> 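Before I ask anything, let me first share the structure, which is written out below as structure tokens.
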Amino acid sequence: MSKNPDNSHDLFSVRLGKLEKLRSEGVDPFRANWNQTHTSATAKALYKPEKDNEIEVSLAGRITNMNVMGKAMFAKIQDRDGKIQIYAKREELGEEAYFKLRKHDIGDIIGVSGPLFVTKTGEVTVRALKYAIVSKSMRPLPEKWHGLSDADTIYRNRHLDLIVNEESRERFKKRSAIISCIRRFLEERDFMEVETSTLHHIVGGAAARPFVTHFNALDCDFYLRIALELHLKRLLVGGFDRVFEIGRVFRNEGLSRRHNPEFTMLELYQAYTDHRGMMELIHSMVQTICKDVLGTTAITNSEGEEIELGDQWREVSYKQLIIEATEDPDWFSRSKEEKLAATEKLGIQVNPELEDYEVTNNVFEKLVEPNLIQPTFVTHVLKELCPLAKLNEEDPGVLDVFELCINGQEIAPAYSEQNDPFVQKEMFEAQVGEETQNLDHEFLAAMEQGMPPAGGMGIGIDRLIILLTGAANIRDTILFPALRPEKKEETEDRPKEE
RNA sequence: GGAUCGGUAGCUCAAUCGGUAGAGCAGGUGCCUUUUAAGCACUUGGUUCGGGGUUCAAGUCCCCGCCGGUCUACCA
């Protein structure tokens with residue numbers, strides 16, 4: 001390991017020595033099991049002052065603190081519920097076991113059993129009468145006070161982050177609880193959870209660059225899905241009137257504070273309702289999460305802004321927001337050139353190659369969306385922005401949809417789903433243009449079979465978690481975010497590919 | 001992809017104008033029977049991200065590369 005013949009400074013070697021010593025004493029440093037009767041939290045909840053030193057528990061956990069004072073010692077062990085203090089005395093535990101215990105490293109996993117008591121300072125503590133090493137830790141833990149803060153180290157060593165950073169541990173627990181709450185909520189509304197395929201041979205349901213992979217047996221390229229939509233709608237045709245899927249989608253695009261190339265999407269479709277029904281559903285779902293998981297409807301985002309999720313949410317049309325942002329009531333009757341000139345005055349850069357509606361949407365994305373901190377349903381969105389939604393009867397230039405924006409991000413778009421196969425085909429053709437090989441004929445054939453009217457919604461789960469946990473970065477809500485692989489030493493120089 | 005900031009001990013961080021690489025925690029050896037980031041004494045530990053250059057002298061200045069943060073681009 002080390003070039004230095006004196007290994008006393010090499011933390012791994014020191015622990016290797018301790019490991020060998022344990023083995024030479026007949027102790028297995030990696031036990032097969034330990035009988036854990038309680039966790040730190042259930043043990044603490046059990047304690048009663050009138051039963052001091054009477055209630056026996058058997059716990060296991062990782063040592064996070066050690067405090068040895070001659071013939072007695074304190075330590076803290078951490079399990080899935082948190083930390084609990086243990087106390088061991090030489091004369092109670094026995095000399096041999098006591099000296100083994102005090103030689104442990106922070107990071108070792110041990111099992112301890114004995115009665116609960118309370119220390120002078122009022123902390124519920126386990127009096128160790130029996131103890132065993134459960135699993136030796138060969139590597140040191142990060143510093144106990146500051147924890148681990150280097151972002152790169154955290155993302156590449158999530159296990160260390162979870163051991164030492166309580167905030168991170170709690171955020172991922174909360175993520176799990178929120179997703180579980182969503183499942184219960186939808187199941188209570190008679191939704192059925194399904195799993196559709198991840199490998200697609202046609203990219204559809206969104207506009208994003210896909211990851212490509214090769215299917216050897218069929219000798220053709222497949223794509224990792226960029227959306228769940230088209231398969232789920234085929235299930236609507238099949239008669240599954242209320243379906244949802246929570247799954248990973250993959251988009252081959254850049255990384256940012258709000259984008260990870262693989263992320264978790266919830267999509268749900270409910271027949272015999274429309275986007276208005278989806279409005280009620282998402283509001284009710286978020287209320288349920290606030291009540292059951294968070295215990296509050298008041299959220300603070302990473303900027304310190306207060307977000308109130310409990311009240312009636314604002315509802316406003318896309319056009320109204322654009323008019324407010326541009327301070328131009330006639331925005332939508334202006335030419336593309338006039339709009340481009342106006343964006344310059346507004347201080348945003350817009351690519352002049354873009355289509356007219358895209359210029360307007362740039363205004364929305366750069367000037368409107370970032371300021372929608374409180375929950376806002378943006379309705380009557382331009383028809384070019386989604387080919388899968390129903391057109392509004394009064395104004396066929398806009399769609400019967402909403403985009404729910406909170407915390408300056410789009411959290412959930414929802415539609416009155418398009419079920420006219422002829423209109424659907426036209427809108428698809430307008431979208432793909434010349435590239436007719438990208439037309440999903442299987443989906444269109446399914447629609448021609450007859451799809452019930454339906455409301456549908458997609459929820460970016462990671463962004464919802466960012467919102468609900470006050471995270472600053474999507475990577476703090478994804479256990480193993482995408483990172484460039486660490487370079488191995490000196491690979492042969494390859495010609496650079498552009 | 002572009003701009004910009006950063007990378008120093010296992011971890012968290014110092015290092016003045018370019019002048020002997022340091023502290024706390026972790027580790028080691030002792031002392032200590034209710035501690036709370038326990039304490040006390042002594043102590044180990046460095047390819048300053050990698051490679052080149054300027055200089056009597058480089059953690060510090062210059063160039064190239066690697067990795068990351070932020071912004072930006074792509075992104076219905």
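It should be emphasised that the depicted structure is a prediction, and the values quoted were computed from it without experimental measurement.
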> Distance between the P atoms of B/C13 and B/C49, in whole angstroms?
15 Å
> Can you tell me, in whole Å, how much space there is between the C1' of B/A14 and that of B/U54?
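That atom pair is separated by 27 Å.
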> Remember a base hit wins even if backbone is also touched, and classify A/Lys383 as base, sugar-phosphate or nothing at under 4.0 Å, heavy atoms.
nothing
> List for me each residue that meets side-chain contact (heavy atoms from CB on, under 4.5 Å) alongside A/Lys18, sequence neighbours excluded, and say none if there are none.
A/Val14, A/Asp105, A/Lys136
> At less than 3.5 Å, do the side-chain atoms of A/Gln85 and the base atoms of B/U35 form a donor-acceptor pair?
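In this structure, the two groups form a donor-acceptor pair.
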> Would you sort out whether A/Glu262 and A/Arg251 count as a salt bridge (Lys or Arg N to Asp or Glu O under 4.0 Å), showing the intermediate values?
CA-CA 6 Å; A/Glu262 56 174 307; A/Arg251 298 186 179 180; over 6 Å; no
> For A/Leu385, answer base if it contacts any base atom (sugar-phosphate contacts may also be present), sugar-phosphate if it contacts only those atoms, and nothing otherwise; contact means non-hydrogen atoms under 4.0 Å.
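It contacts base atoms.
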> Below 4.0 angstrom from OP1 or OP2 of B/G68, is there any side-chain N or O of A/Arg156?
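For A/Arg156, the contact criterion (side-chain N or O under 4.0 Å from OP1 or OP2 of B/G68) is met.
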> Classify A/Lys83 by what it touches in the nucleic acid, base, sugar-phosphate, or nothing, heavy-atom distance under 4.0 Å.
nothing
> Parallel, tilted or perpendicular, judged at 30° and 60°: which one describes the rings of A/Phe377 and A/Trp313?
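It falls in the tilted class, 30° to 60°.
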> May I have all residue pairs that pass ring pair (Phe, Tyr, Trp, His ring centres under 6.0 Å) and include part of residues 81-101 of chain A, sequence neighbours excluded?
A/Phe74-A/Tyr87, A/Tyr87-A/Phe117
> Pair A/Glu442, A/His201 - check side-chain contact (heavy atoms from CB on, under 4.5 Å), show working.
CA-CA 11 Å; A/Glu442 292 172 26; A/His201 63 278; 3.0 Å; yes
> Could you tell me which residues satisfy salt bridge (Lys or Arg N to Asp or Glu O under 4.0 Å) with A/Arg90, sequence neighbours excluded, listed by chain and number?
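In terms of salt bridge (Lys or Arg N to Asp or Glu O under 4.0 Å), with neighbours along the sequence ignored, A/Arg90 is linked to no residue.
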> Whether the A/Gln78 and A/Arg62 side chains hold a donor-acceptor pair (N or O, under 3.5 Å, no angle test) is what I'd like checked.
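Note: A/Gln78 and A/Arg62 side chains miss the donor-acceptor criterion.
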> Touch check for A/Ser149, heavy atoms < 4.0 angstrom, all strands: base, sugar-phosphate only, or nothing?
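Sugar-phosphate, no base atom in range.
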> Using the test salt bridge (Lys or Arg N to Asp or Glu O under 4.0 Å), find all partners of A/Glu245 that sit at least two apart in sequence or belong to another chain.
A/Arg225
> Using OP1 and OP2 only, check whether a side-chain N or O of A/Lys366 sits under 4.0 Å from B/C71.
no
> Quick one: label A/Asn65 by what it contacts on the DNA or RNA (base, sugar-phosphate, nothing), any heavy atom closer than 4.0 Å.
sugar-phosphate
> What nucleic acid atoms does A/Pro387 come within less than 4.0 Å of, heavy atoms only: base, sugar-phosphate, or nothing?
base
> Measuring to OP1 and OP2 of B/U35, would you say a side-chain N or O of A/Lys89 lies under 4.0 angstrom away?
no
> Are A/His104 and A/Tyr131 an aromatic pair by the rule of ring centers under 6.0 Å?
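Between A/Tyr131 and A/His104, which both carry aromatic rings, the centre distance is below 6.0 Å.
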> Between A/Phe364 and A/Tyr318, is the gap from one ring center to the other below 6.0 Å?
yes
> Restricting both atoms to N or O, compile the protein contacts to nucleotides 23-25 of chain B shorter than 3.5 Å, with distance only.
from  : atom 1 : to       : atom 2 : distance (Å)
B/G24 : N2     : A/Glu143 : OE2    : 3.4

> Describe the nucleic acid contact of A/Glu384 in one word from base, sugar-phosphate, nothing, applying a heavy-atom distance below 4.0 Å.
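The answer is nothing, as A/Glu384 stays clear of every strand by at least 4.0 Å.
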> Can you sort out the partners of A/Arg257 under salt bridge (Lys or Arg N to Asp or Glu O under 4.0 Å), two or more places apart, ordered by chain and number?
none
> What's the gap between B/U43 and B/A26 when it is taken at their C1' atoms, as a whole Å value?
14 Å
> Enumerate all atom pairs, one protein N or O and one N or O from nucleotides 1-9 of chain B, separated by less than 3.5 Å.
none

> With sugar-phosphate meaning primed atoms plus P, OP1 and OP2, does A/Arg90 contact a base, only sugar-phosphate, or nothing at under 4.0 Å between heavy atoms?
nothing
> Within the structure shown, what part of the strands sits under 4.0 Å from A/Val381 by heavy-atom distance: base, sugar-phosphate, or nothing?
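If one applies the 4.0 Å heavy-atom cut-off, A/Val381 turns out to touch nothing in the nucleic acid.
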> When you compare B/A9 with B/U4, how far apart are their P atoms, in angstrom units rounded to a whole number?
27 Å
> Less than 3.5 Å apart, any donor N or O on the side chain of A/Asp52 or A/Tyr47 sitting next to an acceptor on the other?
yes
> Does the side chain of A/Arg257 get closer than 4.0 angstrom to OP1 or OP2 of B/U70 through an N or O atom?
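For B/U70, neither OP1 nor OP2 has a side-chain N or O of A/Arg257 closer than 4.0 Å.
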> With a 4.0 Å cut-off on heavy atoms, is A/Gly107 in touch with a base, just the backbone sugar-phosphate, or nothing at all?
nothing
> If the threshold is 4.0 Å, N to carboxylate O, is there a salt bridge linking A/Glu315 and A/Arg276?
yes
> Would you say A/Asn473 reaches B/U70's phosphate, i.e. side-chain N/O to OP1/OP2 under 4.0 Å?
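Yes, such a contact exists.
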> Which part of the nucleic acid, if any, lies within contact of A/Phe117, taking any heavy atom under 4.0 Å across all strands shown: a base, the sugar-phosphate backbone alone, or nothing?
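Result for A/Phe117 = base.
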> In whole Å, measure the gap between the C1' atoms of B/A73 and B/G18 for me.
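Rounded to whole Å, the distance is 39 Å.
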> Taking only the P atom of each, what is the distance from B/G7 to B/U44 in whole angstrom?
27 Å
> Could you tell me how far B/G45 sits from B/U8 if I compare only their C1' atoms? Round to whole Å.
14 Å
> Quick one, which residues of residues 397-409 of chain A touch RNA chain B with a heavy atom under 4.0 Å?
none
> Which of residues 258-266 of chain A sit near RNA chain B, with a heavy atom under 4.0 Å from it?
A/His259
> It should be established whether A/Lys18 places a side-chain nitrogen or oxygen under 4.0 Å from OP1 or OP2 of nucleotide B/G28.
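Yes, because at least one side-chain N or O of A/Lys18 sits under 4.0 Å from OP1 or OP2 of B/G28.
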> Taking only residues two or more places apart in sequence or in another chain, which ones pass side-chain contact (heavy atoms from CB on, under 4.5 Å) with A/Ser317?
A/Lys319, A/Gln320, A/Thr379, A/His380
> Nearest heavy atom decides the nucleotide; on that basis, is A/Lys76 or A/His104 closer to the 5' end of RNA chain B?
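Looking at the nearest nucleotide for each, A/His104 comes out on the 5' side.
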> Is the shortest distance from a Lys or Arg side-chain nitrogen in A/Glu417 or A/Lys390 to a carboxylate oxygen in the other one below 4.0 Å?
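Looking at A/Lys390 together with A/Glu417, the answer is no, because their closest N to O distance does not fall below 4.0 Å.
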> Pairs of donor and acceptor atoms involving the side chains of residues 455-462 of chain A, under 3.5 Å and at least two apart or interchain, shall be tabulated with distances.
from     : atom 1 : to       : atom 2 : distance (Å)
A/Asp462 : OD1    : A/Arg175 : NH1    : 3.0
A/Asp462 : OD1    : A/Arg175 : NH2    : 3.2
A/Asp462 : OD2    : A/Thr264 : N      : 2.7

> Roughly, in whole Å, what's the span from OH in A/Tyr98 to P in B/U33?
8 Å
> Taking only residues two or more places apart in sequence or in another chain, which ones pass salt bridge (Lys or Arg N to Asp or Glu O under 4.0 Å) with A/Asp150?
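Listed in chain order: nothing, the list is empty.
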> Which whole number of Å gives the distance between the P atom of B/C61 and that of B/U16?
10 Å
> Is B/C71 syn or anti, taking syn as a glycosidic angle within 90° of 0?
anti
